[in-house]
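First comes the structure, then the notes that go with it.
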Amino acid sequence: FVTHHNALDIPLFLRIADELYLKRLIVGGFDGVYEFAKDFRNEGMDRSHNPEFTMLELYVAYKDYQWMMSLVEQLVSTVAAEVNGSTTWMVGGQEISFAPPWKRLTMYGAIEEFTGKDLRGKSEPELKQIAKEFHVEIAPAAGLGAIVDEIFSEKVEPKLIQPTFITDYPIEMSPLAKRHRSEPGLVERFEVIVNGHELCNAFSELNDPIDQRMRFEEQMKLRARGDEEAQVLDEDFLRALEYGMPPTAGLGIGIDRLMML
């Protein structure tokens with residue numbers, strides 16, 4: 001977001017995420033980077049969303065999302081034990097255990113388990129009809145990925161109380177994630193859902209500049225349709241990828257939500 005420094009008469013910027021800046025450092029030769037960052041997103045406000053929030057983002061070269069899942073289990077369970085003296089405690093009347101291993105479900109598998117509907121291969125009009133049947137409100141500009149996301153958010157996420165990895169998202173939902181190595185149409189991504197809320201988001205990072213440009217262009221089409229949350233095309237980041245980024249695993253953890261837990 002652009003703001004203005006009156007005394008110096010220069011534009012300044014509030015970051016939506018520090019992701020593209022940290023990945024430039026991986027391109028520059030760092031094997032691992034992290035930052036505790038203030039981020040700003042105008043996406044509404046409620047008990048679990050604030051326009052200004054804190055993220056831990058980290059990126060490690062020559063790793064993938066499978067490796068990152070193991071790191072997250074170790075990281076969060078260790079923090080839980082250090083802070084509370086146990087990996088198990090009560091949250092809102094529910095006993096939650098952060099002891100590894102955590103349950104793992106694919107995005108489409110989780111939706112099917114909790115709704116009985118298999119959304120794989122469905123077209124945008126078919127998904128809109130299913131959302132209507134579920135009484136899930138969909139924005140007029142929503143594309144395929146946004147529709148799947150809304151259905152998941154309303155019909156599945158609130159029911160995930162114990163820490164759960166949701167993996168292998170539709171490519172339309174994840175413009176910065178690498179294509180899945182064995183499942184066409186999916187990407188190597190996971191989120192951790194606990195107590196009905198997203199705690200973190202991670203990818204095997206997309207490091208193919210041609211694929212990344214195509215994804216950005218698809219996002220710009222969604223933005224032209226009115227989707228204000230679609231990714232903006234970043235020529236400087238694309239140039240960095242053209243120099244070459246190694247295979248990389250990336251992670252973002254919402255520090256405010258971790259503190260709330």
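We number each residue from 1, following the sequence as shown.
Counted by atom type alone, Lys38 and Thr54 present one or more donor-acceptor pairs between their side chains at under 3.5 Å.
Side-chain contact between Met69 and Thr167 is present, with at least one heavy-atom pair separated by less than 4.5 Å. Looking only at side-chain heavy atoms (C-beta outward), Phe114 and Leu160 come within less than 4.5 Å of each other. Looking only at side-chain heavy atoms (C-beta outward), Gln74 and Pro100 stay at 4.5 Å or farther from each other. Proximity of Met107 to Leu186: side-chain heavy atoms (C-beta onward) are nowhere separated by under 4.5 Å. Residues Lys23 and Glu205 are in side-chain contact: their nearest non-hydrogen atoms beyond the backbone lie under 4.5 Å apart. Contact annotation: the side chain of Gln219 never approaches that of Leu233 to less than 4.5 Å [non-hydrogen atoms, C-beta and beyond]. Counting only heavy atoms from C-beta outward, the side chains of Arg104 and Phe190 never approach each other to under 4.5 Å. Residues Thr248 and Asn207 have side chains not in contact (no heavy-atom distance under 4.5 Å, counting atoms from C-beta outward).
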- Task: Given side chain to side chain contact (heavy atoms under 4.5 Å, CB included), test Leu58 with Leu71 step by step and report yes or no.
- Result: CA-CA 11 Å; Leu58 68 92; Leu71 178 74; 4.2 Å; yes
- Message: The test is salt bridge (Lys or Arg N to Asp or Glu O under 4.0 Å); show your working for Arg239 and Glu242 and say whether it passes.
- Response: CA-CA 5 Å; Arg239 185 167 62 252; Glu242 287 166 0; over 6 Å; no
- Message: Determine whether Lys178 and Phe203 satisfy the following criterion, side chain to side chain contact (heavy atoms under 4.5 Å, CB included), listing intermediate values before the conclusion.
- Response: CA-CA 7 Å; Lys178 184 172 257 184; Phe203 314 142; over 6 Å; no
- Go through Arg225 and Glu124 one step at a time and tell me if the salt bridge (Lys or Arg N to Asp or Glu O under 4.0 Å) criterion holds. CA-CA 14 Å; Arg225 281 169 51 173; Glu124 199 175 298; 3.1 Å; yes
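Between Arg181 and Asp64 there is a salt bridge, since at least one side-chain N of the basic residue sits less than 4.0 Å from a carboxylate O of the acidic one.
No continuous path of hydrophobic side-chain contacts links Val60 to Leu176 [ILVMFWY only; heavy atoms under 4.5 Å]. In this structure, Met259 is a member of the same hydrophobic cluster as Leu199, with clusters built from ILVMFWY side-chain heavy atoms closer than 4.5 Å. Cluster annotation: Leu261 is connected to Val72 through the hydrophobic network of ILVMFWY side chains, with a link wherever side-chain heavy atoms come within less than 4.5 Å. Ile166 and Ile151 fall within a single hydrophobic cluster, where Ile, Leu, Val, Met, Phe, Trp and Tyr are joined by side-chain heavy atoms under 4.5 Å apart, directly or via other members. Linking Ile, Leu, Val, Met, Phe, Trp and Tyr residues whenever their side-chain heavy atoms come within less than 4.5 Å leaves Tyr108 and Val192 in two separate clusters.
Nearest heavy atom pair, residue Val27 against residue Ala240, reads CG1-O, 3.4 Å. When all heavy atoms of Ser48 and Arg257 are compared, the pair lying nearest together is O-NH2, 2.7 Å. Considering every non-hydrogen atom in both Met220 and Gln231, the closest pair reads SD-O, 3.8 Å. Here the closest heavy-atom approach between residue Ile161 and residue Ile96 is recorded as O-CD1, 3.9 Å. Nearest heavy-atom pair across Gly121 and Glu126 is O-OE1, 4.4 Å.
Between the side chain of Ser86 and the backbone N or O of Asn84, no donor-acceptor pair lies under 3.5 Å. Glu57 contributes no side-chain N or O that, together with a main-chain N or O of Ala37, makes up a donor-acceptor pair within less than 3.5 Å. Under a 3.5 Å cut-off, the side chain of His180 and the backbone N or O of Ser182 do form a donor-acceptor pair. Formation of a donor-acceptor pair under 3.5 Å by the Asn50 side chain with backbone atoms of Glu52 is found in this model. No donor-acceptor distance shorter than 3.5 angstrom exists from the side chain of Arg189 to the backbone of Asn201, with no hydrogens or angles considered. Judged by distance alone, with hydrogens and angles left aside, the side-chain atoms of Arg213 form no donor-acceptor pair with the main-chain N or O of Leu238 at under 3.5 Å. Arg215 contributes a side-chain N or O that, together with a main-chain N or O of Ala177, makes up a donor-acceptor pair within less than 3.5 Å. In this structure a side-chain-to-backbone donor-acceptor pair under 3.5 Å is missing from Arg15 to Asp39. Proximity of a side-chain donor or acceptor of Asp256 to a complementary backbone N or O of Phe53 within less than 3.5 Å is not detected. Panel note: side chain Glu35, backbone Glu19; no donor-acceptor pair is recorded below 3.5 Å.
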Check residues 132-147 and write down every donor-acceptor pair under 3.5 Å in which the side-chain atom is one partner and the other belongs to a residue at least two apart or another chain.
residue, atom, partner, partner atom, Å
Glu133, OE1, Lys117, NZ, 3.4

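Counting non-hydrogen atoms of neighbouring residues, nucleotides and ligands closer than 6.0 angstrom, the CD atom of Glu82 reaches no more than 12 such neighbours. The number of heavy atoms from other shown groups lying within 6.0 Å of CZ (Phe1) is above 12. Enclosure of atom CE in Met260 by more than 12 non-hydrogen atoms of other residues, nucleotides or ligands within 6.0 angstrom is indicated. Around atom CZ of Phe40, more than 12 heavy atoms belonging to other residues, nucleotides or ligands sit under 6.0 Å away. By the neighbour-count criterion of 12 heavy atoms within 6.0 Å, atom CD1 of Ile10 is densely surrounded, having more than that number from other residues, nucleotides or ligands.
Here Phe13 sits in one hydrophobic cluster together with Val2; the rule is ILVMFWY side chains under 4.5 Å apart, joined directly or through other members.
Note on residues 65-102: pairs passing ring pair (Phe, Tyr, Trp, His ring centres under 6.0 Å), not counting sequence neighbours, are Trp89-Phe98, Trp102-Phe165.
Figure legend: cation-pi geometry between Arg24 and Tyr21, with NZ or CZ positioned under 6.0 Å from the six-membered ring centre and within 45° of its axis.
Tested against Tyr59 for a side-chain contact (heavy atoms from CB on, under 4.5 Å), the candidates Asp31, Leu25, Ile26, Leu251 yield a single pass: Ile26.
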